[in-house]
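Here the structure is laid out as structure tokens; the discussion comes afterwards.
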Amino acid sequence: MTSKNIDQALQEWKILLGDTDVRTAAELEPYKINCLGLTRTILAALRPSTELEVANLVKIAARWHIPLYAVSTGRNWGYGTSLPVTESCVLVDLSRMNHILSMDAELGLVTLEPGVTQQQLFDYLKAHNLDFFVPTVGAGPSVSVMGNALERGFGMTPQEDHFGAASAIRAVLPNGDIYQSHLPSIGAATANGVWTWGVGPYLDGLFSQGNFGIVTSMQIALARRPEHTEVYIFTHQKETSLSEFIDHCRVMLSGLKGSLGPLKLMNRRQIEMTAGTDDVGMGFTPDYEWMGFGVIHTRKSMVRPIRAYVRKSLDGYLKRMLFMNTRRIQFLNHLCRLIPRSWGRRFQTQIGRLEELMSIMNGEPRGLELKMVYRYVPMPENKALDPIRDGVGLIWYAPIIPFKASVVVPMMSMMDETLKKHGFEPVVSLTVLNESCSIGVIPVIYKKPEQMEKAQACFEELCKRGTELGCFPYRLPISAMEDLTKNSSSTYWDMVDRLKSVMDPERILSPGRYARRPS
Ligand SMILES: Cc1cc2nc3c(=O)[nH]c(=O)nc-3n(C[C@H](O)[C@H](O)[C@H](O)COP(=O)(O)OP(=O)(O)OC[C@H]3O[C@@H](n4cnc5c(N)ncnc54)[C@H](O)[C@@H]3O)c2cc1C
């Protein structure tokens, strides 16, 4: 690519999109700030508003050999934010494409554009009186539903695996053609939403952590809210075996599939940094090492036997367990008004935390976890939290950990030890998605810019030691892409290379992202 190429392309993009939606020079600064502390030259940012504009801008990029890097809302905090993997890309910022295109209220199938945020989907469902969960994540209301799904994000609502809920895709390919999932492409869109795989090779998977196209719309299967949702919160009794406790949790989850949703296990430091205290009240004494919560989705008539099942499953390993639902919270709020002054305020704060947790479990987007990453920067008052604006330094290490004690316990110790060794907060938590799969959620929170190299070294050691224990992240920060693909004798990456050579011979789409760097 020469400077003549980029000048020519910019002229054509301005004709296509208008001057204001082709951003250059100082307008690019907000796109460059990232929690990893990396720097990149970005040539321009394009802000299309329709699929046709995306197709045409891709054709211009192909003609002038200019690499593009697409983001939905670009809030991939702790993994790279909006920053491309390689130098000198042009960003495609899809946040203006923010329409909910259709909703099948009977089947819960929503089709949306990349810029639709969690809050927007929540507001839409509420306005239309539709009782479905938003697939929420800890990053809060402002992140893209589609961007998160394409990165295979996960959460605590019943559809915990977000790409797993994607049932149809439309995308612009590197030559400007439009890809559609198979069944819609032959006119059988109605059947598609209920049978993701269609017939023939399943190609939609190429667009998740694949960058074989710029995804312009996605159909997602939403989970309908059940009659009753309830959270159980517990502390592990540290005198009892953690290994045995983990194995009991697995047996419990496998024994009541469908009614028991994901489980979250958090160490004490994680609670302190999220809640601002390790003394969460409600009868939980701050002498625990592990606190956890899980979720029950069921019919009202089934609540009592399920509570009894959960209690019995974990019996003997818990210090305390509490079942909480919206009705109980309303009752506590009522009770609170009868408690005098400072005690009342303290109680109110404790109930507020429960309310926030309950909202997340009910599929309402909240930014509860965001507070945790403000270790070295002040939290703004009366403003939504924004790690980029506020200067947060963060790298996520999120290994896939088979949910059995023989793997979980050594991984937990390794993560704790490695964070401490490098002088970082030992914040360790585990999201147990089902009876076989858990994912470690480890933030390396650092002070920018002075601790950046130390944080990177800590992340690398976590990856190395995790691999020795047989575990590897489900998703990576952009700084780790080169290492991921460097094995020259890997048939896996060879095959990706060959597919790229056919689909994207000039490597114009997100070069180096989950693929070998173009030579
Ligand atoms: C405190 C905290 C808590 C978090 N909790 C969670 C959590 O619970 N679960 C979770 O999954 N993540 C979590 N995150 C990580 C992250 O912030 C979210 O995953 C967020 O949803 C990603 O940003 P985004 O939605 O703006 O996606 P984007 O940044 O827009 O997209 C992510 C990547 O996907 C690709 N992409 C996006 N859109 C397209 C497209 N249309 N076409 C082609 N490629 C595309 C791009 O490569 C892009 O870089 C958390 C972060 C923080 C700081």
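Just so you know, these numbers use all the heavy atoms, side chains as well, and skip hydrogens, waters and symmetry mates. Just so you know, residue 1 is the first one in the sequence shown, and it goes up from there. None of the values given here were measured: they were computed from a predicted structure. We count ligands from 1, going down the list as the structure has it; atoms in each ligand are counted the same way.
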Salt bridge present between Arg498 and Asp494 (N-O < 4.0 angstrom):
no
Per-atom contacts of ligand 1 with Leu94, taking only distances under 4.0 Å to non-hydrogen atoms
40 (C), 41 (N)
Salt-bridge present (Glu151, Arg513; N to O < 4.0 Å):
yes
Heavy-atom nearest neighbour of atom 6 (C) of ligand 1 within options Ser144, Gly138, Ser82
Gly138
Using a strict cut-off of less than 4.0 Å between a Lys/Arg side-chain nitrogen and an Asp/Glu carboxylate oxygen, indicate whether Glu272 and Arg269 qualify as a salt bridge.
yes
Any idea which of Ser95, Gly74, Ala139, Ala70 brings a heavy atom closest to atom 48 (C) of ligand 1?
Ala70
Minimum non-hydrogen distance to atom 27 (O) of ligand 1, winning option of Pro84, Ala171, Gly147
Gly147
Atom NZ of residue position Lys447 - does it have more than 12 heavy atoms of other residues, nucleotides or ligands inside 6.0 Å?
no
Out of Leu368, Thr274, Val172, Leu150, indicate the one that has the non-hydrogen atom closest to atom 45 (C) of ligand 1.
Leu150
Distance under 4.0 Å to a non-hydrogen atom of Met146: what atoms of ligand 1 satisfy this?
41 (N)
Is Thr216 touching ligand 1 with its side chain, its backbone, both, or neither, if touching means heavy atoms under 4.0 Å apart?
neither
Which bit of Met372 is near ligand 1, meaning a heavy atom under 4.0 Å away: side chain, backbone, both or neither?
neither
Is it the case that Tyr446 and Glu453 place a side-chain donor and acceptor less than 3.5 Å from each other?
no
Closest protein heavy atom to atom 49 (O) of ligand 1, given as residue, atom name and distance to 0.1 Å
Tyr69 OH, 3.5 Å
Ligand 1-proximal atoms of His162, by part, heavy-atom distance under 4.0 Å:
neither
List for me each residue that meets ring pair (Phe, Tyr, Trp, His ring centres under 6.0 Å) alongside Tyr179, sequence neighbours excluded, and say none if there are none.
Phe207
Do Glu87 and Thr41 have a side chain donor and acceptor closer than 3.5 Å?
yes
Check this for me: does any side-chain nitrogen of one of Asp390 and Lys448 sit under 4.0 Å from a carboxylate oxygen of the other?
no
Identify the protein heavy atom lying closest to atom 10 (C) of ligand 1, giving its residue, its atom name and the separation to 0.1 Å.
Asn148 ND2, 3.4 Å
Check contact between Tyr474 and ligand 1, using heavy atoms of the residue and a distance below 4.0 angstrom.
yes
Partner of Glu113 under side chain to side chain contact (heavy atoms under 4.5 Å, CB included), chosen from His99, Arg96, Glu51
His99
Regarding atom 53 (C) of ligand 1: of the candidates Thr81, Leu394, Ile439, which has the closest heavy atom?
Leu394
Students should be able to answer this: which protein heavy-atom is nearest to atom 17 (O) of ligand 1, and at what distance?
Arg75 O, 2.9 Å
Sidechain N-carboxylate O distance under 4.0 Å for Asp483, Lys486
yes
Under 4.0 Å from a heavy atom of Gly213: give me the atoms of ligand 1 that qualify, with their elements.
43 (C)
For ligand 1, is there an atom lying under 4.0 Å from some heavy atom of Gly80?
no
Output yes when the distance from some N or O of ligand 1 to some N or O of Asn76 is under 3.5 Å, and no in every other case.
yes
Considering only protein heavy atoms, which is closest to atom 9 (N) of ligand 1, and at what distance to one decimal place?
Phe154 O, 2.9 Å
Decide yes or no for Ile42 and Pro84: does some side-chain heavy atom of the first lie under 4.5 Å from some side-chain heavy atom of the second?
yes
Atoms of ligand 1 close to Gly153 [distance to a heavy atom under 4.0 angstrom, numbered from 1]
11 (O)
When Gln219 is tested against each of Leu112, Asp104, Leu101, Asn192 for side chain to side chain contact (heavy atoms under 4.5 Å, CB included), which residue passes?
Asn192
Nearest non-hydrogen protein atom, atom 24 (P) of ligand 1:
Thr73 OG1, 3.5 Å
What protein heavy atom sits nearest atom 47 (O) of ligand 1, and how far away is it?
Arg513 NE, 2.7 Å
Any non-hydrogen side-chain atom of Asn434 less than 4.5 Å from a side-chain atom of Leu253?
no
Can Arg152 and Gln209 be counted as having a side-chain donor-acceptor contact under 3.5 angstrom?
yes
Heavy-atom proximity to atom 34 (O) of ligand 1, picking from Lys371, Glu151, Gln118, Arg475, points to Glu151
shortest atom 42 (N) of ligand 1-to-protein heavy-atom contact is with Val215 N, 3.0 Å
At under 4.0 Å between heavy atoms, which part of Trp396 makes contact with ligand 1: side chain, backbone, both or neither?
side chain
What is the nearest protein non-hydrogen atom to atom 38 (N) of ligand 1, stated with its residue, atom name and distance?
Ser72 OG, 2.7 Å
Do Leu476 and Phe459 come close enough that some side-chain heavy atom pair is under 4.5 Å?
yes
